Amino acid sequence: MNSPQDIAVQTRANRYTVPHGTEEYEHLLEIKRSEFIGHIKQVSSQDEARDYIESLRKTYHDARHVCSAFVVGADRDVQRSSDDGEPAGTAGIPMLQALLARQSRPDGTTDLSDTVAVVVRYFGGIKLGASGLVRAYTDAVAQTLDAASFDSRERVRVGVVAASHADAGRLENEMRACGLNVLGTDYLADGAQISMGVFDCTEDLERANEQVVTITAGAGTVLWGDTRWVDIPFN
């Protein structure tokens, strides 16, 4: 599981969707001899998004337009777009709206973030008009997203359960068996410490406490610590 580098945990959201890992997703859309080449990538900051856009601008140095949009942050508070010479409002904003409207979770939630979209256009000689451009740039992003895989980025609270060396292995197995996300076990001189990550909401934390009490027959407690972000692939 990966932890993003530039996102603080002092946010309102405690989960959101991101493109999987470091993969770059690409899709070609052809409309009236114009080529629209869509690119999607996970980013962790505005600077990383802009660097990626500039790298594609160099790669496609002979293209007519390299339009872009990105959204960054757990609360999606950073949103930027660029028409790159296309008529105002026909490229960047539709691309951004396609990112914001993406339903990547099974329940249809629209929470995609930490994502940059770039659409490179090679002009085919036939003008598409404003409405045609809006559809083309929207479809280029949407179809590239269709080819992508996604993770659920979740803020978890780390809890530690103390155990003897003799009991640690059994307790860890039982914790996993009941659905707790065990992060690992540290074996110290005076005993073991089993770490787990639990989705940072009151209901899940209370349930985890109850599960640990049951597994340890009332002898174990959870010492809750800091929060961290982890990426969990969708099934």
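All figures in this text were calculated on a predicted structure; none of them were measured in a lab.
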I'd like to know if the side chain of [X] and the backbone of [Y] have a donor-acceptor N/O pair within less than 3.5 Å.
X: Asp83; Y: Ala91; value: yes
X: Asn209; Y: Val222; value: no
X: Asp75; Y: Ala13; value: yes
X: Glu154; Y: Trp229; value: no
X: Arg153; Y: Ile232; value: no
X: Arg157; Y: Gly225; value: yes

Would you say [X] and [Y] make side-chain contact, with heavy atoms under 4.5 Å?
X: Leu205; Y: Asp200; value: yes
X: Val156; Y: Val198; value: no
X: Leu112; Y: Leu100; value: no
X: Val66; Y: Arg121; value: no
X: Lys41; Y: Glu23; value: no
X: Thr221; Y: Val161; value: no
X: Tyr25; Y: Ser149; value: yes
X: Met175; Y: Gln211; value: no

Ignoring hydrogens and angles, state whether a donor on the side chain of [X] or [Y] is under 3.5 Å from an acceptor on the partner side chain.
X: Thr17; Y: Asp111; answer: yes
X: Tyr60; Y: His65; answer: no
X: Glu24; Y: Tyr52; answer: yes
X: Thr109; Y: Asp107; answer: yes
X: Thr185; Y: Glu172; answer: yes
X: Asp151; Y: His20; answer: yes
X: Gln97; Y: Arg102; answer: no

Report yes or no: do [X] and [Y] belong to one cluster of Ile/Leu/Val/Met/Phe/Trp/Tyr joined by side chain heavy-atom distances under 4.5 Å?
X: Phe199; Y: Val182; answer: no
X: Val141; Y: Val134; answer: no
X: Leu56; Y: Val116; answer: yes
X: Leu99; Y: Ile93; answer: no
X: Leu183; Y: Ile194; answer: no

Inter-residue atom distance [X].[atom1] - [Y].[atom2], 0.5 Å rounding:
X: Ser104; Y: Leu145; atom1: OG; atom2: CG; value: 7.0 Å
X: Met196; Y: Leu180; atom1: CE; atom2: CG; value: 5.5 Å
X: Met95; Y: Cys67; atom1: CE; atom2: SG; value: 6.5 Å
X: Asn173; Y: Cys178; atom1: CG; atom2: SG; value: 11.0 Å
X: His39; Y: Ile53; atom1: NE2; atom2: CD1; value: 12.0 Å
X: Asp139; Y: Ile31; atom1: CG; atom2: CD1; value: 6.0 Å

For [X] and [Y], work out which heavy atoms get closest and say how close.
X: Ala163; Y: Leu171; answer: CB-CD1, 3.6 Å
X: Gly92; Y: Ala69; answer: O-CB, 3.8 Å
X: Ser113; Y: Val18; answer: O-CG1, 3.7 Å
X: Pro19; Y: Gln42; answer: O-NE2, 2.7 Å

Start with the C-alpha distance between Leu28 and Glu35, add both sets of side-chain angles, then the distance that settles side chain to side chain contact (heavy atoms under 4.5 Å, CB included), and finish with yes or no. CA-CA 7 Å; Leu28 172 62; Glu35 292 186 350; 3.9 Å; yes
Answer yes or no: is there an ion pair linking [X] with [Y], defined by an N-O contact shorter than 4.0 Å?
X: Lys58; Y: Glu54; value: no
X: Arg64; Y: Glu86; value: no
X: Asp47; Y: Arg50; value: no
X: Asp84; Y: Arg57; value: yes

Go through it in stages, so that I can follow the logic: the residues are Phe234 and Arg105, the test is side chain to side chain contact (heavy atoms under 4.5 Å, CB included), and I'd like the CA-CA distance, side-chain angles, deciding distance and then a yes or no. CA-CA 8 Å; Phe234 288 119; Arg105 292 184 179 274; 3.6 Å; yes
Establish, yes or no, whether the cationic atom of Arg76 lies under 6.0 Å from the six-membered ring centre of Tyr16 and within 45° of the ring axis. no
With sequence neighbours left out, which residue pairs that include part of residues 108-141 fulfil the ring pair (Phe, Tyr, Trp, His ring centres under 6.0 Å) condition? Phe36-Tyr137
The test is side chain to side chain contact (heavy atoms under 4.5 Å, CB included); show your working for Val160 and Trp224 and say whether it passes. CA-CA 6 Å; Val160 175; Trp224 295 106; over 6 Å; no
His165: partners by ring pair (Phe, Tyr, Trp, His ring centres under 6.0 Å), with sequence neighbours left out: Tyr187
In terms of heavy-atom contacts, does CG of Asp62 have more than 12 from other residues, nucleotides or ligands at under 6.0 Å? yes
Any chance you could lay out the side chain to side chain contact (heavy atoms under 4.5 Å, CB included) test for Leu29 and Gln143, step after step, and finish with the verdict? CA-CA 8 Å; Leu29 176 64; Gln143 292 180 25; 3.8 Å; yes
Contacts of type side chain to side chain contact (heavy atoms under 4.5 Å, CB included), residue Lys32, not counting sequence neighbours: Ile126, Leu128
